[in-house]
Amino acid sequence: MTDASVRLTFEGGTVRVDAPRDLLETLPDVEYDPRTETGRTPGFRYATLRAALAEHDVEVEDRVLALSDLPALRSAYELREYQHEALDAWRDAGQRGVLELPTGSGKTVIALKAIEALSIPTLIVVPTIDLLDQWERELGTEFDVDLGRLGGGEQRVEPITVSTYDSAYLRADELGDRFELVIFDEVHHLGGEGFRDIGRLLAAPARLGLTATFERPDGAHEVVEELVGPVVYRLSAEDLAGDHLAAFDIKRIEVALTPEERERYEEFQGTFTDYLAQSGIQMRSGSDYREIVKRSGNDPAAREALLAKQRAREVMMNAEGKVEELAGILDRHRGDRVIVFTAYTDLVYRLSERFLIPAITHEVPKVQARRRILEKFRRGEYSRIVSSHVLDEGVDVPDANVAVILGGSGSEREFKQRLGRVLRPKAEGERAILYEIIAEETAEERVAERRRG
DNA sequence: ACTGACCGACAACCAGCGGACCCA
DNA sequence: TGGGTCAAGTTCTTGTCGGTCAG
């Protein structure tokens, strides 16, 4: 017992545990691997494994992490009080956990301070190339070290590296031993079926997640919690409004469908409800909906019902009355900076033509063109833009003070992200406004309720 | 170097009120 | 007559992203 020895090494996203069989069996989450005749556990269990071994009176030869040298980092940045609290909460939780803070509250800065405080090799994982660039810029300004970059056509690893989720996913098994701290920006993405493997394969014991909305409707935040840790600090937009973020009002406006729209809506919606009645499905949650989706693979009636539901959704999301209402809003806010959000790209182009507003969708040819439009918006050459979902996340959108949602999903996340676009601190007394325009007597009233308007 | 086409991944997707059938 | 089960083997569409590869 006393002189047993244990050797830990990293192999393709797992920690290999060379130890006597009887000791292996006492270790949590360590499985016996008959091929190598050793114990084995996923990379993310490394920290708990070390803790468990510390309880035993054994000599541990730990060769898991292969870290490069990193000079002590220093940044001139001063954290605000709540940012300080957030960082402390994370450290108190054993350098594991998630910070849930609204868009514009300076999550990046907290992370930079965490990197500075620990000065250990760090991997930062982000969902988009845009964020890749932003992090690279911030890190470059703050720290005087070479930065690695994985994604956007480059694959360069340095002690401090920024990666996309996609690239990290492709290389996690091989990179898992190179970093002691991993930061997941927009950490809710880590709940995705494939992306969760990133968290699983990395051995980094220190883990920080950043997001504005931790909970996922599919429940996968529990996976994230296991891989990164629980939420250790949380503030909402309301908490910071009027102080570090702009004060804001949310105005809900209901508009009527035209008689033609009403007729089409009722017909499509009717097809859907008829199917529900006929199949006996109780529509209580998203899983009931998924049940219909599942059936639609083999059952033509289910498929027809789903298509009808989608057509009904299109009718209400694109209702003509919303366009008229928008005309009034644009008129009232002549001097303001306005972002208009829709659910469908078709409507984006219709609005763009009718109101002569630049459009941004995923189809906008080339990132360059999109960037040019945003740049002109930033400089004030444009005071309005129309977009679908493109600007929801991961794009550095210049500040606006009026947002108009013509069509959106029931997603709380989408709503917060859109709201976040108008919440940067404003001049004294100025308030941001978010308009939700909703088709009355349609399912959209419930949809808007779900996202908590 | 840039571009477009392709692929796979991810996310959202949520009625309003009484039927049909098989088997023990 | 009464009670239980109703459709399984992989699943709708739209919007958006990153990675890859050919030209």
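Lettering of chains follows the sequences in order, A, B, ..., and the numbering in each one begins at 1.
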**Study point:** Residue D166(A), side-chain heavy atoms: nucleotide from dG18(C), dC14(B), dT16(C) that is nearest
**Key:** dG18(C)

Review point. For residues T258(A) and E320(A), is any side-chain donor paired with an opposing acceptor at under 3.5 Å?
Key: no

Practice item. Scan residues 121-135 of chain A against DNA chain C and write down, sorted by residue number, each residue with any heavy atom closer than 4.0 Å; if none is found, say none. Key: P127(A), T128(A), I129(A)

Practice item. Please confirm whether the backbone N or O of S409(A) pairs with a side-chain atom of R451(A), one donor and one acceptor, at under 3.5 Å? Key: yes

Check your understanding: Where along residues 291-298 of chain A does a heavy atom come under 4.0 Å from DNA chain C, residue by residue in number order?
Key -> V293(A), K294(A), R295(A), S296(A), G297(A), N298(A)

**Study point:** P gap between dG18(B) and dA8(C), integer Å
**Key:** 25 Å

Check your understanding: Taking atom P in both dA7(C) and dT11(C), what distance in whole Å separates the two?
Key -> 16 Å

Pairs: protein N or O with nucleotides 15-18 of chain B N or O, under 3.5 Å:
residue	atom	partner	partner atom	Å
dA15(B)	OP1	K309(A)	NZ	3.1
dA15(B)	OP2	R446(A)	NE	3.1
dA15(B)	N7	M283(A)	N	3.4
dA15(B)	N7	M283(A)	O	3.4
dA15(B)	N6	Q282(A)	OE1	3.0

Exercise for review: Nearest whole angstrom, please: distance from the C1' of dT13(C) to the CG of D346(A).
Suggested key: 14 Å

Exercise for review: With a 4.0 Å heavy-atom cut-off, tell me which residues in residues 148-163 of chain A come close to DNA chain C, sorted by residue number.
Suggested key: G151(A), G152(A)

**Study point:** Between CG on residue L276(A) and CD1 on residue I281(A), distance to nearest 0.5 Å
**Key:** 6.5 Å

Practice item. Would you indicate whether E215(A), at its atom CD, is surrounded by more than 12 heavy atoms from other residues, nucleotides or ligands within a distance under 6.0 Å? Key: no

Exercise for review: Can you tell me which stems DNA chain C forms, taking runs of 3 or more consecutive Watson-Crick or G-U pairs with both distances under 3.5 Å?
Suggested key: B:2-12 with C:13-23, B:20-24 with C:1-5

Exercise for review: Enumerate the residue pairs fulfilling side chain to side chain donor-acceptor pair (under 3.5 Å) with a member in residues 228-240 of chain A, sequence neighbours excluded, ordered by first and then second residue.
Suggested key: E85(A)-Y233(A), E100(A)-R234(A), S236(A)-E238(A), S236(A)-D239(A)

**Study point:** Minimum heavy-atom distance between G176(A) and F10(A), given as atom pair plus value
**Key:** CA-CZ, 3.4 Å

Check your understanding: So which nucleotide from dT14(C), dC12(C), dG19(C) ends up closest to the side chain of T164(A)?
Key -> dG19(C)

